[in-house]
Amino acid sequence: MSELKCPECYSSDNRATPLKNPEDCLSNHVQYICSTCGRAICMEGDERERHGPLSSFGSFNDAMLYLRAAEALFNGPCGIYELTDGAKVFYKIFKNKDGLMNYLLENPEKRCPLGEALHETEEFRPVVEGQIRRLDKEEVEEYLREKEEVDD
C-alpha cells in the first residue's frame with residue numbers, strides 16, 4: 001500500500017472501500033469508480049444510512065474514504081464535519097455549511113462543536129462519464145480478490 005494519496009479519491013489504498021459488507025455493496029449498489037486508482041466507492045445509502053457518502057462515520061479517516069463519492073453525488077466540493085450526540089463522536093459529509101445547519105435543525109440532539117468543516121475539498125474534479133455505475137460480476141470478483149490481497 002502506497003503512502004501517497006490518490007489525487008482524485010484521497011486514499012492511499014485503492015481497495016479500501018467498501019468498508020461494510022464489501023461483496024454485497026459491490027454487487028448491489030451503484031459505485032463511483034476512481035479514474036486514477038480504480039477504487040470503488042459506494043454511492044448508495046439505505047434506509048438507515050449505513051452505506052455510502054451520506055452515512056455517519058466512526059472516524060475522520062473513514063469519512064475521507066467516501067468524500068469523493070459525496071462530491072460526485074452533490075456535483076461539487078464538500079466538507080467533513082465532526083458531530084456529537086452526547087458522548088458519541090462521529091463524522092458526516094455535507095455539501096456546505098447550509099447542509100450541516102439543516103441537519104442540526106432536524107436533529108436537535110446532535111451538535112457540531114467546531115461549527116466548521118475539519119476538511120473541505122480544495123479543488124473539485126467533475127465526474128467523467130462511466131465513473132458512476134454498477135460493477136459487473138467479473139469486476140466484483142476481481143476487486144474482492146485484489147482487496148483480499150491488500151488486506152493480507
Side-chain angles (χ1 to χ4, degrees), residues 1-128 130-135 140 143-144 147 150-151:
M1 177 168 60
S2 167
E3 290 304 312
L4 297 175
K5 289 192 181 216
C6 176
E8 180 180 345
C9 74
Y10 321 117
S11 178
S12 56
D13 176 358
N14 70 353
R15 295 297 179 262
T17 48
L19 295 175
K20 298 176 183 175
N21 303 319
E23 185 172 2
D24 179 59
C25 183
L26 291 168
S27 298
N28 299 308
H29 294 167
V30 172
Q31 305 289 319
Y32 171 89
I33 311 300
C34 178
S35 65
T36 303
C37 73
R39 184 164 67 96
I41 312 166
C42 185
M43 292 287 294
E44 292 187 41
D46 62 14
E47 67 280 352
R48 295 152 123 205
E49 295 184 352
R50 293 177 299 176
H51 300 278
L54 301 180
S55 300
S56 294
F57 298 96
S59 74
F60 174 80
N61 289 336
D62 286 353
M64 278 297 294
L65 292 174
Y66 286 83
L67 181 60
R68 181 60 185 156
E71 294 171 352
L73 185 66
F74 292 122
N75 196 32
C78 295
I80 299 173
Y81 294 80
E82 182 180 83
L83 302 169
T84 61
D85 182 1
K88 180 183 170 191
V89 175
F90 61 101
Y91 303 83
K92 282 190 77 66
I93 302 169
F94 296 99
K95 180 175 181 171
N96 52 36
K97 199 164 186 173
D98 288 344
L100 167 68
M101 299 312 291
N102 289 336
Y103 176 83
L104 293 174
L105 285 171
E106 293 171 8
N107 298 277
E109 72 284 3
K110 312 253 194 284
R111 303 278 180 264
C112 182
L114 287 177
E116 60 187 50
L118 292 174
H119 176 86
E120 291 180 299
T121 306
E122 292 179 21
E123 180 183 334
F124 174 68
R125 293 172 179 236
V127 176
V128 176
Q131 283 187 279
I132 298 175
R133 62 183 176 80
R134 290 189 185 271
L135 299 179
V140 170
Y143 192 94
L144 289 171
K147 184 172 176 37
V150 171
D151 291 343

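The first residue in the sequence is number 1, and the count goes up from there. Keep in mind the model is a prediction, meaning the values are calculated, not measured.
Expressed to the nearest 0.5 Å, how far CD1 of Ile33 lies from SG of Cys9 amounts to 10.5 Å. Between the CZ atom in Phe74 and the OG1 atom in Thr121 there is a gap of 11.0 Å [rounded to 0.5 Å]. From Leu65, atom CG reaches atom OG of Ser12 across 8.5 Å, with rounding to the nearest 0.5 Å. In this structure, Leu67 CG and Glu120 CD are separated by 10.0 Å, a value rounded to the nearest 0.5 Å. Atom OG of Ser56 and atom CG of Leu83 lie 7.5 Å apart (nearest 0.5 Å). The distance from the CD atom of Glu116 to the CG atom of Leu100 is 11.0 Å, given to the nearest 0.5 Å.
Lys92 places a side-chain N or O within 3.5 Å of a backbone atom of Leu54 that can act as its donor or acceptor partner. Side chain of Gln31 to backbone of Cys42: a donor-acceptor contact under 3.5 angstrom is found. Looking at Lys20, its side chain never comes within 3.5 Å of a backbone N or O of Cys25 through a donor-acceptor pair. Formation of a donor-acceptor pair under 3.5 Å by the Asp13 side chain with backbone atoms of Arg15 is found in this model.
Contact of the Tyr32 side chain with the Gln131 side chain is registered, since non-hydrogen atoms from C-beta on lie closer than 4.5 Å. Residues Asn14 and Cys6 have side chains not in contact (no heavy-atom distance under 4.5 Å, counting atoms from C-beta outward).
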For this session: Please report the C-alpha distance between Phe57 and Ile80 in whole Å, then the side-chain angles of each, then the deciding distance to 0.1 Å, and finally whether the side chain to side chain contact (heavy atoms under 4.5 Å, CB included) criterion is met.
Result: CA-CA 10 Å; Phe57 298 96; Ile80 299 173; over 6 Å; no

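Relative orientation of the Phe94 and Tyr103 rings is tilted, given thresholds of 30° and 60° on the angle between their planes.
For the side-chain contact (heavy atoms from CB on, under 4.5 Å) criterion with Val140, the lone passing option out of Leu135, Asp24, Asn28 is Leu135.
In terms of heavy atoms, Leu19 sits closest to Tyr66 at N-OH, 3.2 Å. Counting all heavy atoms, side chain and backbone alike, Arg134 lies closest to Glu44 at NH2-OE2, 3.5 Å. In terms of heavy atoms, Phe124 sits closest to Glu71 at CE1-O, 3.7 Å. Scanning all heavy atoms of the two residues, the minimum distance from Asp85 to Lys110 falls at OD2-NZ, 3.2 Å. Contact detail for Arg68 and Arg125: the closest heavy-atom pair is NH2-O, 2.6 Å. Between Tyr143 and Leu26, the closest heavy-atom pair is CD2-CD1, 3.4 Å.
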